[in-house]
Amino acid sequence: MIKHLLIKVRKGAPLQYITLFVDMNTTQIIDIEEGRGSEAVKQFVQKLSNPQEVKQISINMSPAFIKAVKDYLINADITFDKFHMIKHLNDTID
């Protein structure tokens with residue numbers, strides 16, 4: 001059962017991305033989907049037997065990820081990852 005999930009995007013070949021789904025309790029990669037948007041989240045959620053058991057998700061500030069979590073993982077609270085929060089703050093200050 002996955003209660004705490006990390007969703008992370010990695011760039012592969014030029015203009016190609018993958019989305020990693022990581023169990024934050026075990027640090028194990030659970031799934032890898034092509035792309036970096038809401039469709040990747042949807043494909044992952046369709047593989048879960050109990051998506052309603054996911055309670056916490058750490059994601060970047062992508063509007064597509066935010067919407068996908070709200071649409072498909074309705075019981076999960078969102079936490080934005082520290083790297084993107086600090087980058088956003090630095091960009092705002094500059």
Side-chain angles (χ1 to χ4, degrees):
M1 168 179 22
I2 304 161
K3 288 191 174 188
H4 302 94
L5 183 66
L6 169 67
I7 302 175
K8 196 87 172 152
V9 175
R10 290 288 182 244
K11 190 173 182 180
L15 302 177
Q16 293 183 343
Y17 293 87
I18 59 170
T19 301
L20 303 171
F21 298 87
V22 179
D23 184 327
M24 287 196 292
N25 291 329
T26 65
T27 67
Q28 297 293 315
I29 296 173
I30 304 161
D31 192 26
I32 301 172
E33 296 291 339
E34 290 185 21
R36 61 176 176 169
S38 61
E39 190 62 31
V41 176
K42 180 180 178 182
Q43 290 173 5
F44 168 72
V45 170
Q46 290 174 342
K47 296 176 184 179
L48 293 177
S49 57
N50 294 310
Q52 67 278 5
E53 292 179 352
V54 177
K55 301 297 181 194
Q56 184 67 41
I57 296 183
S58 178
I59 58 174
N60 64 31
M61 298 170 73
S62 159
F65 280 154
I66 296 168
K67 182 176 180 344
V69 169
K70 289 180 178 181
D71 288 349
Y72 305 120
L73 296 163
I74 59 173
N75 292 333
D77 292 326
I78 297 173
T79 301
F80 296 120
D81 69 67
K82 180 172 62 174
F83 171 81
H84 287 92
M85 290 295 296
I86 291 171
K87 182 182 181 321
H88 183 71
L89 288 171
N90 284 334
D91 289 347
T92 302
I93 292 170
D94 290 341

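The backbone N or O of Phe65 lies less than 3.5 Å from no partner atom in the side chain of Ser38, so there is not a single donor-acceptor pair.
Looking at Ile66 and Ile59, their side chains come closer than 4.5 Å, going by heavy atoms from C-beta outward. Using a 4.5 Å heavy-atom threshold, the side chains of Asp31 and Lys47 count as touching. Looking only at side-chain heavy atoms (C-beta outward), Phe80 and Asn60 stay at 4.5 Å or farther from each other. Using a 4.5 Å heavy-atom cutoff, the side chains of Arg36 and Gln16 are not in contact.
A distance of 9.0 Å separates CD in Glu33 from CD in Glu39, rounded to the nearest 0.5 Å. Summarising the geometry, atom CG belonging to Asn25 is positioned 10.5 Å from atom CD belonging to Gln56; distances are rounded to the nearest 0.5 Å. Here His4 contributes atom NE2 and Thr26 contributes atom OG1; the two are 12.0 Å apart, rounded to the nearest 0.5 Å.
Phe44 meets the ring-ring contact (aromatic ring centres under 6.0 Å, His included) test with Phe21; sequence neighbours excluded.
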Let's go through Leu5 and Ile30 carefully: what are the C-alpha distance in whole Å and the side-chain angles of both, what is the deciding distance for side chain to side chain contact (heavy atoms under 4.5 Å, CB included) to 0.1 Å, and is it a yes or a no? CA-CA 9 Å; Leu5 183 66; Ile30 304 161; 3.9 Å; yes
Under the side chain to side chain contact (heavy atoms under 4.5 Å, CB included) rule, what do Val54 and Leu48 come out as? Steps first, then yes or no, please. CA-CA 10 Å; Val54 177; Leu48 293 177; 4.2 Å; yes
Can you give me every donor-acceptor pair (side chain of residues 68-78, partner residue at least two apart or in another chain, under 3.5 Å) with its distance?
residue, atom, partner, partner atom, Å
Asp71, OD2, Lys67, NZ, 2.5
Asn75, ND2, Gln52, O, 3.0

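Residue Ile32 shares its hydrophobic cluster (ILVMFWY side chains chained together at separations under 4.5 Å) with Leu6, Ile18, Leu20, Val22, Met24, Ile29.
Within a 6.0 Å radius of CD in Glu34, no more than 12 heavy atoms belonging to other residues, nucleotides or ligands are found.
Scanning both residues, Thr19 and Gly35, for their nearest heavy atoms gives OG1-O, 2.6 Å.
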